[in-house]
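Chain identifiers are assigned alphabetically (A, B, ...) following the order of the sequence lines, protein sequences preceding nucleic acid strands; residue numbering begins at 1 within each chain. From a predicted model like this one, the values you see are computed outputs, not experimental measurements. What you see below is based on every heavy atom in this structure, not just the backbone, and it leaves out hydrogens, waters and symmetry mates.
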Amino acid sequence: MHRDLKFNIISEGQKMGISATCEKYNISRTIYYRWLSRYKTLGIKGLDDIEKKFLPINKTKPEIVSTILSLIRNHPDYGPRAIKYLLEEVGYDISESAVYNVMKRNNLTTKSMRIKYSTKKDKKITRSYPCFDDLKSGECWLFWTTHYGDYESLGTIYEYTIFDYKSRVACTRLYNTLSPECFEDLLTAAAIPIAQTLTFDIKHLCFFEEHSIKGKLKDSFLSNINSIFQNNGYEVTMHLLKEEDPLTHLKELRKNHTHNCLSFLMPFIHKDVSFNSLKIHLQKHVRAYNLNHKSLYSGELYTPVEYHLKSTGTDLILPLWAYIDRKY
Amino acid sequence: MRVAIIGAGFSGMLTAYMIEKKGIDVTIFEKQEHIGGHCRTLLGKDSTIELGTVFCFSEHIKELLLELDVAYTERFTYRNFLDEHYSKVEHLSRENVSALTDELMRLEQILKKYSTALNDVNYGQIHEQLMVPLSDFLKDNQLDLISGLLAPHLSSFGFGDICELQTYYAFNIFNMDTIHSFIRGDRLLFVNEGLSEVINKLSQNISDIRYSIEVKNIETIGNQVKVETEYGSDVFDKVLITTKLPKDVIKDDLYNQAMKKIDTNPYITCAYEVENKNIVTTYYKANLGKKEKIQFFHTFRQNNKTTLVAYAYGSVSKELVNNITADIEASGIRVKHLITAKQWYIFPHLKEQNLTQDFYKEILERQQVSNICLIGSLVSRPAISNLYASIKQFVAQTF
């Protein structure tokens, strides 16, 4: 409430009677006397809103706030209690009133405000696809997972790949589950280091529509990925590709790469090697693919890394780990 | 029982915390007006800058962080290397990688001979062959590539020039596991709110911390130890020393001689805010180990703000700080402004002429019978995770 209005209420109370004035403005007598005493000691300035200079120790953690906001975006019709139950499901145990306070701080206390908020577009996440013709090497990554099957000794195997659209440089790892953590591992342990090494200027990351690792927490997963990119100095737009988009050429790239990996791995899978050594075999294979496997780029033969270096005028400087086996 | 601890760095604070948890009265004396020693985090809106220790190896320390409810992140550190012309180069050239693999295998075999001594949490009896400078050891064993491999990491621990650093210290911290872990570029552990947060949490559980009180005299009287400060004196059952004290403070020949021999390396850190977004930890290969030359910088990117902390051996001076700034700018970094330049004295160790094979063994033996003990980085390799293991072992055995 503005200080002038508070002042008017105080003066009116002095003339018209305190109880009647409080009733008229729907405030308590306690509040009235608190304002009055602040006015008496500090003058008109005493009626300004008091700004707290400290952070309360039980302030809701930023990661919970961002989860709440993403849940609101997905379920704008839910109130604080329903959101609290959803939070419990993802492992955050906070009170309904804490959820309400987050809503209040973000002006989301009414359903209509929340609906408006949920339809507002996040610039970093889009359903459109980038203009593939204008992309340069290292600017656009594709991400997919492929189910390789269930094996008695190895369990379920998924291929996770982050693939540079233009240069066809690939980062591929194998995992036993479909989860955001595995994607994050691939991104931070392999893809971003490669991007740093080859000075990729990543601008786009495209997810195929059928993608299942995002699950319930789609938005918080994407915002986590976004902050990983930002903390590494990249501004990346994430594209959620739809089945009907004209993606034949992307699907072709994906098919070739997966076929290449799978046909390499099959003999090992049938030889009953351990999952760890299978992972290392694939690591070597993908390294050899990136550095030595020549294919056609607009009529000329290059390896993926060669093509990137040539098209961006970068020198090849590899870190030590690029030459050795890295367990994961 | 009453215990006094001299120095409120990580080791001192941790020891006090662990002892007080056992119900023992403990007093910490800190010479400076603030606690934390090399755990020093600068805070600001949207930024947390580690000015001292930056990361921990994950092995033991998580246990403590969970106990203190301190949030941490394990993340990858990406590294670049620059040559004398500020051009990006490889850590070791491609042609040498297979030779390096071979050297690593040989090194592993060689170090096996000393493994018991090198894997202990504390320093101990030193094998004669490890008394020589690292550069000689590597040359004698034809391990030329290993020095190039280790040089950047030795610098980040403030170990100095490999022509001066004894082999014992080098392989105490860089055992084969650590070397392989650095090559693989494994995740390192960072405390989200900065390492000062760990110190704050410890301090909340310590009843008696004395600030800006320098200890002038430590003397055994009967079964007890008298600790004198500028303002008075007090008697304790045990005194634990975590930091190098000036000569003649400890009235005990062995410890006093030890204090005279222990040296540190002067090291400075300069923190900057910079404009670049996408930069990674960068080592200046041509400078590694050299005095008054930038060794490397770390960067932190938080909330659209990039801060950079650069390191050099030497003492803070206008000239040195300006040279560091110039080197950073020459590598393509756009510096907005200097945040601070800070002097450190790190890595307590003995120089070649002072180190004897049984130096640490004598101290450790003395601790068994004396009420005065040296702990922390005076007797153990200076990495947070290892200090934790060392202190935990000491407290379990002593109290």
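Contact of A/Pro193 with chain B is made through backbone and side chain together, with heavy-atom distances under 4.5 Å. Contact of B/Val89 with chain A is made through the backbone alone, with heavy-atom distances under 4.5 Å. For chain A, no part of B/Ile279 is nearby; none of its heavy atoms comes within less than 4.5 Å. Heavy atoms of A/Ile324 lying under 4.5 Å from chain B belong exclusively to its side chain.
One finds the OG1 atom of B/Thr306 at 9.5 Å from the CG atom of A/Asn231 (value rounded to the nearest 0.5 Å).
In this structure, B/Lys139 places its NZ atom where only 12 or fewer heavy-atom neighbours from other residues, nucleotides or ligands lie under 6.0 Å away. Heavy-atom neighbours of B/Gln142 CD from other residues, nucleotides or ligands within 6.0 Å: at or below the threshold of 12.
No other option in B/Gln302, B/Lys277, B/His180 has as many heavy-atom pairs under 4.5 Å with chain A as B/Lys277. By number of non-hydrogen pairs under 4.5 angstrom with chain B, the leading residue of A/Leu320, A/Asp201, A/Asp315 is A/Leu320.
For the residue pair A/Trp321 and B/Ile183, the shortest heavy atom distance occurs at CB-O, 3.2 Å. Nearest heavy-atom pair, B/Lys88 versus A/Thr197, reported as atom, atom and distance to 0.1 Å: NZ-O, 3.4 Å.
Of residues 61-82 of chain B, those residues with a non-hydrogen atom less than 4.5 Å from any non-hydrogen atom of chain A are, in numerical order, B/Phe76, B/Tyr78.
Residues in residues 179-204 of chain B take part in these salt bridge (Lys or Arg N to Asp or Glu O under 4.0 Å) pairs, two or more places apart or across chains: A/Asp185-B/Arg187, B/Arg184-B/Asp186, B/Glu197-B/Lys201.
Checking side-chain atoms of B/Glu90 against main-chain N and O of A/Ile317 turns up no donor-acceptor pair under 3.5 Å.
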